[in-house]
Protein chains: 2
Amino acid sequence: MEYAPPQAATILNAKIDEEVESLHDGILSKLRDFIVEGHLRPGDRVPERQLCESLGVSRTPLREALKVLAAEGLIELLPNRGARIREFTPDDVREFFEMLAGMESTAGRLACERITEAAIGEIEALHYQMYGHYMRRELPEYFRLNQLIHERIVAAAGNHALETYYHGLTARMRRLRYSANTIKRDRWGQAMREHEQILDALRRRDGRELAEILHEHLIHKWNATCEPLGTSEVE
Amino acid sequence: MEYAPPQAATILNAKIDEEVESLHDGILSKLRDFIVEGHLRPGDRVPERQLCESLGVSRTPLREALKVLAAEGLIELLPNRGARIREFTPDDVREFFEMLAGMESTAGRLACERITEAAIGEIEALHYQMYGHYMRRELPEYFRLNQLIHERIVAAAGNHALETYYHGLTARMRRLRYSANTIKRDRWGQAMREHEQILDALRRRDGRELAEILHEHLIHKWNATCEPLGTSEVE
DNA sequence: AGATGATAAATTGTATGCAAATTTTCTAAC
DNA sequence: GTTAGAAAATTTGCATACAATTTATCATCT
């Protein structure tokens with residue numbers, strides 16, 4: 001799975017000859033993906049030498065990438081004991097969701113001021129498409145559209161820093177999502193209703209309300225992942 | 001000026017033998033401070049060799065630190081051309097303020113659910129102290145207390161990830177603040193009124209409203225820094 | 001047998017070295 | 001005098017090397 005390349009934002013940010021995507025960042029992305037995809041379990045040591053061979057580079061650039069990943073919070077660097085995949089405590093997960101809620105809420109507020117009618121239309125289209133998947137109980141497709149809608153709103157906020165941090169968060173949470181790709185029937189209905197409200201607030205460009213709904217929506221999502229799975233979940 | 005060391009949060013996060021502050025991160029902090037303090041002008045090249053000597057380390061750990069700083073957005077890494085101090089466009093500044101507004105807004109909402117009565121009392125005390133400085137037109141002291149109140153609210157949100165990112169943002173903005181340590185008389189009054197509302201919403205633990213006010217408050221602050229300075233500014 | 005301590009192997013953190021690229025300096029032409 | 005071009009000198013990016021520390025292995029003792 002790949003990110004959508006940050007099209008417009010990158011072009012806007014790139015000066016005449018700056019911001020060229022260094023071939024060296026490739027190591028970083030590969031390592032990040034490697035960890036996020038779950039090839040290394042939380043608590044595991046990160047085998048420098050082994051990764052060097054499989055990536056075909058020496059330790060120097062790899063260690064630079066590890067430092068960055070540590071700064072991003074994906075791994076821990078223990079003095080003289082190397083890197084370990086960070087374990088996420090329930091509190092960490094709560095903090096992630098709260099941040100995500102905050103980011104989306106902020107994005108929603110800003111998007112109401114800046115989004116074009118065309119972009120609203122596109123989100124509407126995605127919404128109805130998602131609704132179709134909901135009616136047909138097509139969970140993976142529903143999740144995909146859901147994610148896409150949220151990404152569109154964040155993109156419409158017109159804030160590159162926000163978008164970058166948001167994508168970083170969702171990347172870190174991807175591993176968590178693997179285990180949480182399930183939803184209760186009644187929660188699903190509620191989520192769908194919330195999405196109706198989201199779209200409605202966006203149409204009316206009511207930033208205050210959209211911020212509120214998005215925050216609630218994400219916190220509900222978190223609550224759902226916390227509850228022990230009951231008897232009525234789908235899939 | 002120093003940060004209040006993150007007391008409780010660090011203790012909570014530190015496992016039995018993990019998270020020891022590596023002596024190596026010292027380079028990172030020193031470099032970050034060196035840049036934030038403004039010893040290097042935007043657009044300047046970062047002299048690797050020179051910094052190595054003045055820090056007393058070789059290029060390897062220094063370059064690791066540079067990679068992290070680049071990930072944080074403080075410097076740019078141009079392929080085969082080394083590091084440059086990042087220049088902030090007006091759009092970058094807008095994005096920073098919007099992020100700050102979003103963070104504080106989110107923090108406020110969370111703080112309303114979690115803050116202790118004691119902590120509210122402390123913020124009240126700071127508020128009235130700040131009000132005194134406002135009445136006596138003591139601008140630097142006012143700014144200090146102002147900053148302190150906002151930090152307290154963020155801390156009261158009980159979200160370490162948010163706090164970390166918030167401090168990163170304010171650090172990056174410190175350089176901008178140097179030039180913006182001025183305020184118009186009428187804006188000062190408005191800011192003071194907004195702070196009254198902030199305290200009021202916090203007392204009532206009305207997260208929705210506090211989030212709204214904080215967002216507005218920060219956006220106003222940004223507008224103030226953008227407007228060309230008129231005739232009635234203080235200092 | 002299980003625990004304890006010593007030795008060996010592996011791993012980490014940092015310094016140094018070298019090829020490729022860039023920037024600077026110097027020279028020569030217009 | 002200014003500009004274009006070539007050679008020298010930095011500078012960058014990466015690989016390797018080496019000391020310090022940690023981890024693993026193994027022999028010894030209770």
Side-chain angles (χ1 to χ4, degrees), chain A residues 14-32 34-35 39-87, chain B residues 14-32 34-35 39-87:
Chain A
K15 310 300 173 354
I16 298 92
D17 61 342
E18 302 176 17
E19 289 276 346
V20 184
E21 180 72 10
S22 155
L23 85 135
H24 179 262
D25 290 325
I27 299 173
L28 216 168
S29 304
K30 279 182 185 167
L31 246 184
R32 197 185 350 245
F34 192 71
I35 294 170
H39 294 103
L40 292 162
R41 296 273 145 223
D44 279 1
R45 300 182 46 142
V46 179
E48 272 191 18
R49 181 155 279 286
Q50 199 171 315
L51 282 174
C52 285
E53 289 179 22
S54 69
L55 287 171
V57 294
S58 83
R59 286 178 57 217
T60 308
L62 185 104
R63 295 188 92 257
E64 288 173 354
L66 287 179
K67 287 272 177 187
V68 174
L69 292 180
E72 289 179 6
L74 253 121
I75 61 179
E76 285 175 323
L77 252 37
L78 312 173
N80 288 317
R81 305 230 239 121
R84 276 185 162 68
I85 304 297
R86 181 157 168 219
E87 302 198 59
Chain B
K15 310 298 173 358
I16 298 92
D17 61 342
E18 301 176 19
E19 290 277 346
V20 184
E21 180 71 12
S22 155
L23 86 135
H24 179 262
D25 291 324
I27 300 173
L28 216 168
S29 304
K30 279 183 185 169
L31 246 184
R32 195 183 356 240
F34 191 72
I35 294 169
H39 293 103
L40 293 161
R41 296 272 146 223
D44 279 0
R45 300 184 45 145
V46 178
E48 272 190 20
R49 179 156 278 284
Q50 198 171 316
L51 282 175
C52 286
E53 288 179 23
S54 69
L55 287 172
V57 294
S58 83
R59 286 176 55 219
T60 309
L62 186 104
R63 296 187 91 256
E64 288 174 352
L66 288 178
K67 286 274 175 185
V68 174
L69 291 179
E72 289 179 6
L74 252 120
I75 61 179
E76 286 175 323
L77 251 38
L78 312 173
N80 289 319
R81 301 229 244 127
R84 276 185 162 70
I85 304 296
R86 183 158 165 217
E87 302 197 60

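Every chain is numbered from 1, with letters handed out A, B, ... down the list of sequences. What you see below is based on every heavy atom in this structure, not just the backbone, and it leaves out hydrogens, waters and symmetry mates.
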Q: Rounded to the nearest 0.5 Å, how far does CD1 of A:Ile85 lie from CZ of A:Arg41?
A: 10.5 Å

Q: Could you check how far CG of A:Leu78 sits from C1' of D:dT21, rounded to whole Å?
A: 14 Å

Q: Nearest whole angstrom, please: distance from the C1' of D:dT12 to the CD1 of B:Ile75.
A: 14 Å

Q: Look at the side chain of B:Arg86 and the backbone N and O of B:Gly73, then say whether any donor-acceptor pair between them is shorter than 3.5 Å.
A: yes

Q: Please report the distance, rounded to the nearest Å, between CG in A:Leu66 and P in C:dG13.
A: 9 Å

Q: Nearest whole angstrom, please: distance from the C1' of D:dT12 to the CD of B:Glu64.
A: 16 Å

Q: Between C:dG13 atom C1' and B:Arg63 atom CZ, what is the distance in whole Å?
A: 16 Å

Q: For A:Leu28 and D:dG13, give me the distance from atom CG to atom P, rounded to whole Å.
A: 14 Å

Q: Nearest 0.5 Å please: distance from the CG atom of A:Leu77 over to the CG atom of A:Leu69.
A: 9.5 Å

Q: Between B:Arg45 and B:Leu40, which heavy-atom pair has the shortest distance, and what is it?
A: O-CD2, 4.4 Å

Q: Please check this pair: side chain of A:Arg63 against backbone of B:Glu64, looking for a donor-acceptor N/O pair closer than 3.5 Å.
A: no

Q: So, is A:Arg81 close to the D:dT23 phosphate, meaning a side-chain N or O under 4.0 Å from OP1 or OP2?
A: yes

Q: Could you state the atom-to-atom distance from CZ of A:Arg59 to C1' of C:dT11 in whole Å?
A: 7 Å

Q: So if I take every side-chain heavy atom of B:Asn80 and compare against C:dT14, D:dA15, D:dG13, which nucleotide ends up nearest?
A: D:dG13

Q: Atom CG of A:Leu51 and atom CZ of A:Arg59: how far apart are they, to the nearest 0.5 Å?
A: 12.0 Å

Q: By a strict heavy-atom criterion of less than 4.0 Å, which residues belonging to residues 41-58 of chain A are in contact with DNA chain C?
A: A:Arg45, A:Glu48

